[in-house]
J.: 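Before anything else, here's the structure in question.
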2 protein chains.
Amino acid sequence: MVKTDFSPIADTTRRAEIVALLRRAILTGQLQPGQKLNELRISEQMRVSRAPLREAMRELVQEGILTSIPYAGTFVIDVTAKDIDDAYSLNQVLDEFAIERTWPQRDQRFFDELDRRHEAVKQATRNLDTTRQIETALQLHGLIYEWADNSVLLETWQRLTSRLQMYFALHQHARNEPVPAEDVHETYVHLMKGADMRAAQRHAREHINLDFEQLLSYARSLEQRLSKGA
Amino acid sequence: MVKTDFSPIADTTRRAEIVALLRRAILTGQLQPGQKLNELRISEQMRVSRAPLREAMRELVQEGILTSIPYAGTFVIDVTAKDIDDAYSLNQVLDEFAIERTWPQRDQRFFDELDRRHEAVKQATRNLDTTRQIETALQLHGLIYEWADNSVLLETWQRLTSRLQMYFALHQHARNEPVPAEDVHETYVHLMKGADMRAAQRHAREHINLDFEQLLSYARSLEQRLSKGA
DNA sequence: GACAATCAGATTGTCGACAATCTAACAAGA
DNA sequence: TCTTGTTAGATTGTCGACAATCTGATTGTC
């Protein structure tokens, strides 16, 4: 009996491609929070009819990065400081859980993949490609979720990730400067290879903490400016 | 200045109604796991064109209770024992977190709502309406998520709930008999009103445990039977 | 009989056009 | 001036028809 592992073939529907395009545009900040998506304009730009575009948008609405108001339009979600705080605190809990589940399953393949993703982050950092840096950092972090062998947890994390990526992109765009060149993930990778699970959990919590604190203060300052303007 | 709180008006699109209809059909077990949804047939039954139906289905795919294979069809998700186990373990973690967040926010309104929902469960139980009993039990349980004041957490819970409801419905249908008349939620409500948070967390974990264990064993027996038949 | 090629039917994916609804500008009246 | 009614334009929601794809039965060949 032949026993090969084939991955599912690529989705060949326009809808799937549109979803990917739109998601990327949103997560990289090309489409800004609050912005309205004009169906006719976008469908013409993509050379696609509105049907698959609309279906794609429904998916992204459920994915939580778009929001739709009947007969008014579909918009990129707004990012409030509270949203960030909510996502952050939930992320802490999920991280702890993911590490706990992943811990006994770690093997050589896990360590290799950990290194591979870590390398990707370092490369993006060297290239000063902030968008890619965010992407790779989240992928590195996501490894524990893929390894935890819990589909519902993974799904939940991926939903969270979408938003996190959006938040971080927003932040980077605003700062408009390369991110810390020093590698903050070194310790994390080291700990994930080690023997002390509690230490890894603690570090994950504190390490992420830093990033979030920056985000939060930025979001708060944005909101203050907005409320003054209104 | 007049200061009244109006809730958002109801969605008036066919799409939204279709989503509600389909979701209900799936969660109550009218549409069984694995079953294919024929677009033409359903659209004719609902007297609706395929466009809004398809959009509705895309939403439910993202909601996690449908799954779509391009050019093949859209199906109600299959329920495996592993899925149940995954959902269960994640639910434990989320419960603990939700109780922790809700705890300091409890007030009279919270207690009243707790009683109200508890009463709804008891009534459904008296009426031997198993479908409604599942619904109300989940609503009672969901109160801590609504009060935790964390939109991302609430959203996550609601996604989980959909599946849980599906699983429970499946179970009930199979047993085809009224559920335990004795009220298992009495202790839970009592603890949530009390002063010992840890005790409440512990109970939530153990209480849910029971329900899930039943579900799990049922799902496992189902799968065994299936694998024998195949 | 086993196997591959072909074809018809059914189903999903996509399109272009029309209907329903909203928004904003303007006009009319108090 | 402020409010209310009207209307035109733009945008979203829905429809029916066509194109692309899959499935399973049929045929033909070895």
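Only this structure's heavy atoms are used, side chains among them; waters, hydrogens and symmetry mates stay out. Everything quoted here is computed from the prediction, not taken from an experiment. Labels below follow one simple rule: chain letters A, B, ... track the order of the sequence lines, proteins then strands, and each chain is numbered from 1.
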J.: Can you measure Q35(A) atom CD to dT11(D) atom P for me and round it to whole angstrom units?
T.: 14 Å
J.: In whole angstroms, how far is the P atom of dA17(D) from the CG atom of L40(B)?
T.: 12 Å
J.: Watson-Crick or G-U wobble partner for dC30(D), using a 3.5 Å limit on both distances?
T.: dG1(C)
J.: Let me know the distance between CD of E59(B) and C1' of dG13(D), rounded to the nearest Å.
T.: 13 Å
J.: Give every donor-acceptor pair under 3.5 Å between a side-chain atom in residues 45-52 of chain B and any protein atom, sequence neighbours left out.
T.:
from: S49(B); atom 1: OG; to: A51(B); atom 2: N; distance (Å): 3.4
from: R50(B); atom 1: NE; to: E39(B); atom 2: OE1; distance (Å): 3.2
from: R50(B); atom 1: NH2; to: E39(B); atom 2: OE1; distance (Å): 2.9

J.: Round to a whole Å and report the spacing from CD of E39(A) to P of dA17(C).
T.: 17 Å
J.: Any chance you could measure E155(A), atom CD, to L160(B), atom CG, to the nearest 0.5 Å?
T.: 9.0 Å
J.: Nearest whole Å is fine: how far is dA20(D) C1' from I69(B) CD1?
T.: 18 Å
J.: Do the side chains of R23(B) and E59(B) get close enough for a salt bridge, i.e. N-O under 4.0 angstrom?
T.: no
J.: Looking only at side-chain N and O atoms, does Y145(B) offer a donor or acceptor that is under 3.5 Å from a partner on N150(B)?
T.: no
J.: Between R14(A) and N38(B), which has a closest nucleotide on DNA chain C that is more 5'?
T.: N38(B)
J.: Just how far, in rounded Å, is C1' of dC22(D) from CZ of F75(B)?
T.: 11 Å
J.: So which of residues 48-57 of chain B are in contact with DNA chain C, with a heavy-atom cut-off of under 4.0 Å?
T.: R50(B), R54(B)
J.: Give the intermediate values and the outcome of salt bridge (Lys or Arg N to Asp or Glu O under 4.0 Å) for residues R41(A) and E44(A).
T.: CA-CA 5 Å; R41(A) 207 165 49 76; E44(A) 277 167 0; over 6 Å; no
J.: As a test of reading the structure: which of dT21(C), dT11(D), dT11(C) is closest to the side chain of Y71(A), going by heavy atoms?
T.: dT21(C)
J.: Would you say CZ of R24(A) has more than 12 non-hydrogen atoms from neighbouring residues, nucleotides or ligands within 6.0 angstrom?
T.: no
J.: Rounding to a whole Å, what distance do you find between R15(A):CZ and dG13(C):P?
T.: 5 Å
J.: Can you tell me how far C1' of dT12(C) sits from CZ of R58(B), to the nearest Å?
T.: 9 Å
J.: Heavy atoms only, 4.0 Å cut-off, all strands: where does L37(B) land among base, sugar-phosphate and nothing?
T.: sugar-phosphate
J.: Evaluate the criterion salt bridge (Lys or Arg N to Asp or Glu O under 4.0 Å) for residue pair E113(B) and R109(B); output intermediate values, then yes/no.
T.: CA-CA 6 Å; E113(B) 187 63 20; R109(B) 264 183 54 234; over 6 Å; no
